[in-house]
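The structure appears right after this line, and notes come after that.
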Amino acid sequence: MPKVLSQKVSLVMGSQSDFKTMKLCQKVLKILKVKFETKIISAHRTPDRMYKFAKNAKKKNIAVIIAGAGGSAHLPGMISSLTSIPVLGVPIESKKLKGLDSLLSIAQMPKGIPVGTLAIGEDGAINAALLAASIIAINDKKIKKNLDYWRQSQSKSVKKKPI
Ligand code: RP5
């Protein structure tokens, strides 16, 4: 029987400076035991790297791409234009506009090439990992179990009354 490779998430970001936020994504994927790889890919500083990455992603059994970018954040949209693998965009909080620029750049994709857009910054990074895990869980019972357990623990951690 041929070995079925389990599907992987690819976590990419435009700059080393994005890792402060995107490492939370890694943290959640690790907790949920989702396989992933992490790369720096910039749409404008390393366009060849971006093209090669997006074109080879399917062959590498990547099921979901999470792309974090800030400012004029075209990385998620450009990757999505090169592959039909679902792309989740995390708007990084920028210095000048607090990430509103990143959010609008990622969310306002014209029709035809979608990017699933999360919240600005750390909340977005964490939710991108959870959403990627949910997509993987469609075909992976172990990940579904881990995700269900994570949600139950979250519910249990909420106190019934404030102290
Ligand atoms: C974007 O420009 C990156 O995603 C980053 O958020 C932003 C600033 O990059 P650096 O100047 O810190 O490398 O491409």
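Just so it is clear, the values below take in all heavy atoms, side chains as well, and ignore hydrogens, waters and symmetry mates. Note that ligands are numbered from 1 as they come in the structure, with each ligand's atoms numbered from 1 the same way.
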Between Lys52 and Asp48, does the salt bridge (charged side-chain N to carboxylate O under 4.0 Å, His left out) criterion hold? Intermediate values first, please.
CA-CA 6 Å; Lys52 233 183 257 169; Asp48 294 342; over 6 Å; no
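- With rounding to the nearest 0.5 angstrom, the SG atom of Cys25 is 8.5 Å from the CG atom of Leu88.
- A heavy-atom cutoff of 4.0 Å around ligand 1 is satisfied by the protein residues Gly14, Ser15, Ser17, Asp18, His44, Arg45, Ala69, Gly70.
- A donor-acceptor contact closer than 3.5 angstrom links the side chains of Lys58 and Ser84.
- Between Glu122 and Lys20 no salt bridge is recorded (no basic side-chain N to carboxylate O distance below 4.0 Å).
- Taking CZ of Phe36 as the reference point, atom CD1 of Ile136 lies at 12.0 Å (rounded to 0.5 Å).
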Stepwise, does the side chain to side chain donor-acceptor pair (under 3.5 Å) test hold for Glu93 with Thr21?
CA-CA 9 Å; Glu93 189 172 334; Thr21 306; over 6 Å; no
